[in-house]
A.B. asks: 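Have a look at this one.
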Amino acid sequence: MSRYLLPASVLGTAVGGAVLLKDYVAGGTCPSKATIPGKTVIVTGANTGIGKQTALELARRGGNVILACRDMEKCEAAARDIRGETLNHRVSARHLDLASLKSVREFAAKVIEEEERVDILINNAAVMRCPHWTTEDGFEMQLGVNYLGHFLLTNLLLDKLKASVPGRVVNLSSLAHVAGHVDLEDLNWQRRKYDTKAAYCQSKLALVLFTKELSRRLRGTGVTVNALHPGVARTELGRHTGMHRSTFSSFTLGPIFWLLVKSPQLAAQPSTYLAVAEELEGVSGKYFDGFKEKAPAPEAEDEELAQRLWAESAHLVGLDMSHGSPVRGQSLSRSPLEQV
């Protein structure tokens, strides 16, 4: 019997070491213990993955959490799960389809009317490397959902955030932004051959540029905005990549994926950190890789490009560029692309 003790001990040590190494590589849990009682939080795409886990973390810290999702059946189920797990009954589900400017406006209008305050907005929802689909308003899907929908939503809620200072906006970008390029002459891939990977990278670079320009515009208001790469996580986001169906990926690269790919719970920790950490009060316009501030791609630091992208984005979604409000008289049913 004793001859099995040493191998078992070695195996146990190896397994324990591997788990600790994985936690270290994945970044660990949120270092801040701050709570947010009385604060209202909006998390887009919160019915699954990183968004749901972020909503769970913030509900656990006492927040009034609004799950903003396209699929209301899944959203209601997620809200029930979070209420049950946290015993926080201030968790609600609301419809938001970021692929529809009309839906974004309706969601924002309801929040403005019904909520006394909005303290934290987490722009989490995303699609990744989907086919060449377009949104209800004619935008390339990844640009429309990942960036333009959040651009409009944030602008519509700015007055509410400013009235609830200190307010925070957290934009979930991606390390993929370093491979991105924003083509202001063809944001919607109408002239170029469509490249699903390049379109995704462009949308995530646009979010970092948006973060930089919004931070500049918010100086002195008490509202901060930061962009974030949460890490690579096991979520539904990669369903269009085919990697999870690849035998090579599953078996040959399995151990590497296990080590480097985070659980949704761990991937939600950086979002939670940027939303609540007291030491980040006043920190704005930055890009974080996990819990650490890092320099983004050089193109993401281009202030002129950020301003031009803002102007083009405001034009596309129908915002008054000076005040961030919907342009008077603009039809909600017509595509902004048709109005250009």
Side-chain angles (χ1 to χ4, degrees), residues 11-37 39 41 43-46 48-63 65 78 81-82 85-86 88 91 120-126 128 168-178 204 207-208 211 224-238 243-244 253-284 286-296:
L11 178 61
T13 300
V15 171
V19 171
L20 289 173
L21 178 60
K22 177 175 175 60
D23 285 346
Y24 174 78
V25 171
T29 58
C30 176
S32 174
K33 304 303 180 185
T35 58
I36 53 171
K39 293 193 174 183
V41 185
V43 185
T44 67
T48 187
I50 297 174
K52 181 180 179 181
Q53 291 300 319
T54 301
L56 174 67
E57 290 286 343
L58 296 174
R60 189 174 281 139
R61 292 170 186 257
V65 183
D81 289 346
I82 294 171
E85 186 165 342
T86 64
N88 179 348
V91 178
I120 302 166
L121 171 62
I122 301 181
N123 291 321
N124 164 85
M128 177 182 179
R168 298 189 187 189
V169 178
V170 180
N171 292 326
L172 267 74
S173 179
S174 168
L175 182 61
H177 87 275
V178 302
K204 291 300 184 179
L207 276 170
V208 184
T211 300
T224 62
V225 53
N226 292 290
L228 167 71
H229 169 56
V232 181
R234 292 189 300 275
T235 70
E236 296 178 5
L237 183 62
M243 290 182 66
H244 63 289
L253 300 179
I256 298 175
F257 285 169
W258 179 84
L259 180 63
L260 298 179
V261 177
K262 298 181 179 184
S263 66
Q265 180 181 8
L266 278 178
Q269 300 304 308
S271 301
T272 303
Y273 178 65
L274 263 63
V276 306
E278 294 170 345
E279 59 268 31
L280 295 182
E281 187 171 338
V283 174
S284 188
K286 306 300 182 183
Y287 170 78
F288 285 77
D289 186 340
F291 304 120
K292 296 181 179 179
E293 181 188 329
K294 290 192 174 179

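Numbering starts at 1 and runs along the sequence shown. Just so you know, these numbers come straight off a predicted model, no measurement behind them.
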A.B. asks: Tell me every residue that passes side-chain contact (heavy atoms from CB on, under 4.5 Å) with Thr86, counting only those two or more places apart in sequence or in another chain.
C.D. replies: Leu56, Ala59, Arg60, Ile82, Asn88
A.B. asks: Identify, with sequence neighbours excluded, every residue that meets side-chain contact (heavy atoms from CB on, under 4.5 Å) alongside Val178.
C.D. replies: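 side-chain contact (heavy atoms from CB on, under 4.5 Å) check on Val178 returns Leu175, Ala297.
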A.B. asks: Just jot down the side-chain contact (heavy atoms from CB on, under 4.5 Å) partners of Lys286, sequence neighbours excluded, or say none.
C.D. replies: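 So Lys286 forms a side-chain contact (heavy atoms from CB on, under 4.5 Å) with Asn226, Val283, Phe288, Glu293.
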A.B. asks: NE2 of His229 to CG of Leu207: how many Å apart, nearest 0.5 Å?
C.D. replies: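 Rounded to the nearest 0.5 Å, the NE2-CG separation comes out at 14.0 Å.
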A.B. asks: What are the two closest non-hydrogen atoms of Pro296 and Val208, and how far apart are they?
C.D. replies: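 Closest pair (atom of Pro296, atom of Val208, distance): CB-CG1, 4.1 Å.
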A.B. asks: Nearest 0.5 Å please: distance from the CG atom of Leu228 over to the CG atom of Leu274.
C.D. replies: 5.5 Å
A.B. asks: Sequence neighbours excluded, which residues qualify as salt bridge (charged side-chain N to carboxylate O under 4.0 Å, His left out) partners of Arg61?
C.D. replies: none
A.B. asks: Hey, is the main chain of Val225 close enough, under 3.5 Å, to the side chain of Ser284 for a donor-acceptor pair?
C.D. replies: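 Flag set: sc Ser284 to bb Val225 pair under 3.5 Å.
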A.B. asks: Of the non-hydrogen atoms in Pro230 and Ser173, which two are nearest, and what is the gap between them?
C.D. replies: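 Reported closest heavy-atom pair: CD-O, 3.9 Å.
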A.B. asks: Can you name the closest pair of heavy atoms from Ala78 and Ala46 and give their distance?
C.D. replies: CB-O, 4.0 Å
A.B. asks: Are Lys33 and Val276 close enough that some pair of their side-chain heavy atoms sits under 4.5 Å apart?
C.D. replies: no
A.B. asks: Can you check whether Ile122 reaches Leu58 side chain to side chain, under 4.5 Å on heavy atoms?
C.D. replies: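 Heavy-atom side-chain distance check passes, below 4.5 Å.
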A.B. asks: Run the ring-ring contact (aromatic ring centres under 6.0 Å, His included) test against Tyr287 and tell me which residues pass, sequence neighbours left out.
C.D. replies: His177
A.B. asks: Apply salt bridge (charged side-chain N to carboxylate O under 4.0 Å, His left out) to Glu281 and list each qualifying residue two or more places apart in sequence or on a separate chain.
C.D. replies: none
A.B. asks: Minimum heavy-atom separation for Ala275 and Ile120, please, with both atom names.
C.D. replies: O-CD1, 3.4 Å
A.B. asks: Is there a side-chain contact between Val41 and Ile36, using heavy atoms and a 4.5 Å cut-off?
C.D. replies: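 In contact.
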A.B. asks: Table please: side-chain donor-acceptor pairs of residues 265-273 below 3.5 Å, with sequence neighbours left out.
C.D. replies:
from, atom 1, to, atom 2, distance (Å)
Gln269, OE1, Cys30, N, 2.9
Gln269, NE2, Glu57, OE2, 3.1
Gln269, NE2, Gln265, O, 2.9
Thr272, OG1, Ala268, O, 2.9
Tyr273, OH, Glu279, OE2, 3.2

A.B. asks: Is a side-chain donor or acceptor of Ser174 paired with a backbone partner of Ala176 at a separation under 3.5 angstrom?
C.D. replies: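 Here the side-chain-to-backbone pair exists.
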A.B. asks: How would you list, by chain and number, every residue that makes a side-chain contact (heavy atoms from CB on, under 4.5 Å) with Thr44, sequence neighbours excluded?
C.D. replies: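 Counting only residues at least two positions away or on another chain, Thr44 forms a side-chain contact (heavy atoms from CB on, under 4.5 Å) with Ala68, Leu96, Leu98, Asn123, Asn124, Ala125, His150, Leu153.
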